[in-house]
Amino acid sequence: MSTSIVVRDIDPGDKSWLRREARHAGVSMEELVRRLIRETRAKRERRLKPSEAFARYFGEEHGVELPPPARLGYRPLSFSGAEEE
């Protein structure tokens, strides 16, 4: 299955740069763009902290109210209706 993307109004200087780089690498312009996209995605992906992962999957967008972050260590959560002090 092959898909193609058409980029309109690309700067002529950018297009000629892509051609030169693709020719230098010995690949088509499309393959060069795929490689650039893969490389950029790999650089941007990073390992999430456990709190970031939890917020991503169970945060406010999913109906879960997250506790405020604790500055120094673990703060136990109370699931009762009233908070005890």
Task: SB check Glu31 Arg35 (cutoff 4.0 Å) - done: yes

Task: Residues in side-chain contact (heavy atoms from CB on, under 4.5 Å) contact with Asp14, at least two apart in sequence or another chain - done: Ile10, Asp11

Would you mind writing out the side-chain donor-acceptor pairs for residues 15-24 within the sub-3.5 Å range, not counting sequence neighbours?
unit_1	atom_1	unit_2	atom_2	d
Ser16	OG	Pro12	O	3.3
Ser16	OG	Gly13	O	2.9

